[in-house]
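Naming: A, B, ... by sequence-line order, numbering from 1 per chain. Any value given below was found using the heavy atoms of this structure, including those in side chains, with hydrogens, waters and symmetry copies removed. Bear in mind that the values here come from a model prediction, so they are computed numbers and not experimental data.
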Amino acid sequence: MFALVDVNNFYTSCETVFRPDLRGKPVVVVSNNDGCVISLSAEAKALGIQRGMPYFKIKADMKRQQVAVFSSNYALYADLSHRVMMTLAEMAPAVEVYSIDEAFINVASISRCLSLDTFGHQLRDRVLKHTGLTVGVGIAPTKTLAKLANFAAKRWRKTGGVVELSDNERLRKLLPLVPVHEVWGVGRRISKKLELSGIENALQLADSSTWLIRKRFSVVLERTVRELRGEACLAAEEFAPTKQHILCSRSFGQRITAYEEMHQAVCAYAERAAEKLRAEKQFCCVISVYIRTSPHADNETFYGPQASGRLAIPSNDTRDIIRVAINALEQIWKDGHRYIKAGVMLSDFFSQGVAQLNLFDEYQPRPNSNELMQTIDRLNHSGRGTVWFAGQGIQKSWAMKREMLSPGYTTRYSDLPIVR
DNA sequence: TCTGGGGTCCTAGGACCC
DNA sequence: TCTGGGGTCCTAGGACCC
């Protein structure tokens, strides 16, 4: 049995934890660069605001309706996420953190001690007490069904935020009430295609022929069908698998037209990517860079090239990664465009730096690379200021917009809330 | 003027091998 | 007239997730 626990309206809820005056009011959080809406309180949803709406288009409207708007404060969300996960880990032996706001819990052993429904309510109470955040809990024999139970827990008030689906009869009653596009793994494209062939709810999907689904769609959807029938195809992941790619990309606060500014941005993103790589304890060989103009500008021709370079020896030294990234940038840079975004992607990972030196290689690993990188990472996490490579520049006129950022309530001493 | 960021998995097709 | 069978690896693109 799996339990899926996730936080309701996570980002907006994080904001209202520290702003009780906003509870019960419409609140939204907008994406990086104050681009578009990514999280909404129930009251904001009721006003007809939707995820993905560009902020600049609805700004005036939201002001009129007195909607509170926040720029994304990822330091805050990551910290609260960590507190939620710690609370879950205290209560259950096997917690698989699935995303910033949700986790699967293997509850097989727990069911021997107490009813799973009771356990679900205990989880809710404890997380609320520790963090001020409300979670929904779905419990079922497969991950897909746990997700579905979680959906039901949120959709229907009288469930009290917990739905347990070990009973087959309850399951058969719930399935036809769930639209097929709410099933985990069924997105916009597939739901449209399913609806065309008359499959509109979760029960109809569960009762479809696996053979036909595989033929007309893919093995992925076939697994979903089996999971809906209670046949577990997705296992509990005991350890987080190592990443295949690491990406750092950002839109700019203002368009970039000068090479020097792009050089700075690519340096900055390469540094951040390298830092993430070290956090994963990995080394990489391939570094790719892309730059692009706005895909929305009708009167400009789109330009969005990409180039990569390879390191002879796997590395996680920022200097190596910046060097290859800038080299790639030089291959694709063209004057005359108004660039909106750039990204640096790392791939081809190894768990050790120098597995074996190439016989004819003249490259040698940098001396003391490890110590230097550790020192930089420690300094940047100590809360005493930051250090960075000069290539990033100091002015950073391209930095992203965050005009409505909330304080770092739990991540910065000077921002600690004061209780009077 | 202004439209996010970061991931995964699968499939098809091409190049190449024997 | 007629041109095999069985693989691997890589890449790009499409679907999905949060």
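To the nearest angstrom, P of dT11(B) lies 16 Å from CZ of Arg216(A). The CG-P distance, from Leu221(A) to dG14(C), rounds to 19 Å in whole Å. Atom pair Leu346(A):CG and dG7(B):C1' shows a separation of 14 Å (rounding to whole Å applied). Regarding Lys192(A), its NZ atom lies at a distance of 11 Å from the P atom of dC16(C), rounded to whole Å. Rounding to whole angstrom units, CZ of residue Arg51(A) and P of dC17(C) are separated by 11 Å. Atom CD of Glu227(A) and atom C1' of dC16(C) are 15 Å apart (whole Å).
One side chain, Tyr77(A) or Glu15(A), offers a donor N or O that lies under 3.5 Å from an acceptor on the other.
OP1 and OP2 of dG6(B) both lie 4.0 Å or more from every side-chain N or O belonging to Lys243(A). Phosphate proximity of dC2(B) to Arg255(A): present, with a side-chain N or O under 4.0 Å from OP1 or OP2. OP1 and OP2 of dC2(B) both lie 4.0 Å or more from every side-chain N or O belonging to Lys341(A). Side-chain nitrogen and oxygen atoms of Ser249(A) include at least one within less than 4.0 Å of the OP1 or OP2 phosphate oxygen of dG6(B). Side-chain N/O atoms of Arg338(A) include none lying less than 4.0 angstrom from OP1 or OP2 on dT1(B). Taking side-chain N and O atoms only, Ser99(A) has no distance below 4.0 Å to OP1 or OP2 of dC17(C). OP1 or OP2 of dC10(B) sits under 4.0 Å from a side-chain N or O of Arg223(A).
Taking atom C1' in both dC17(B) and dG4(C), one finds a spacing of 15 Å when rounded to whole Å.
Of the two residues near DNA chain B, Phe217(A) and Met400(A), the one whose nearest nucleotide lies more 5' is Met400(A). In this structure, Lys401(A) and His245(A) both approach DNA chain B, and ranking their closest nucleotides by distance from the 5' end singles out Lys401(A).
Among the protein residues, Lys193(A) comes within range of no part of the nucleic acid, since none of its heavy atoms lies under 4.0 Å from any strand. In this structure, Val30(A) reaches neither bases nor backbone, as no heavy-atom distance under 4.0 Å exists between it and the strands shown. Counting any heavy atom pair closer than 4.0 Å across all strands shown, Ile100(A) reaches no nucleic acid atom. Within the 4.0 angstrom heavy-atom criterion, no nucleotide atom of any strand lies near Asp34(A). Note on Asn32(A): only backbone sugar-phosphate atoms sit closer than 4.0 angstrom, heavy atoms only; bases stay farther off. At a threshold of 4.0 angstrom between heavy atoms, the contacts of Glu102(A) are confined to the sugar-phosphate backbone, with no base atom among them.
Taking both residues in full, the closest heavy atoms of Ile321(A) and Ser315(A) are given as CD1-O, 4.2 Å, listed atom of the first, atom of the second, then distance.
For the pair Lys243(A) and Phe349(A), the NZ or CZ position fails the cation-pi test of under 6.0 Å to the six-membered ring centre and within 45 degrees of the ring normal. A cation-pi contact links Lys396(A) to Trp388(A), judged by a cut-off of 6.0 Å to the six-membered ring centre and 45° from its axis.
The residues Arg83(A) and Asp79(A) are annotated as salt-bridged, a charged nitrogen and a carboxylate oxygen being separated by less than 4.0 angstrom.
When distances are taken from the side chain of Ile190(A) to each of dT8(B), dA15(C), dG4(B), the shortest belongs to dA15(C). Each of dG4(B), dT3(B), dC10(B) was ranked by its minimum atom distance to the side chain of Val219(A); first place goes to dC10(B). Taking every side-chain heavy atom of Arg189(A) into account, dC16(C) is the closest of dC10(B), dC16(C), dG7(B). For Val220(A), whose side chain is taken as the heavy atoms from C-beta onward, the closest listed nucleotide among dC10(B), dC18(C), dC2(B) is dC10(B).
Taking a pair to require two hydrogen-bonding distances under 3.5 Å in either a Watson-Crick or a G-U wobble arrangement, dG13(B) pairs with dC10(C).
Of the candidates Phe302(A), Trp333(A), Phe252(A), Tyr339(A) forms a ring-ring contact (aromatic ring centres under 6.0 Å, His included) with just one, namely Trp333(A).
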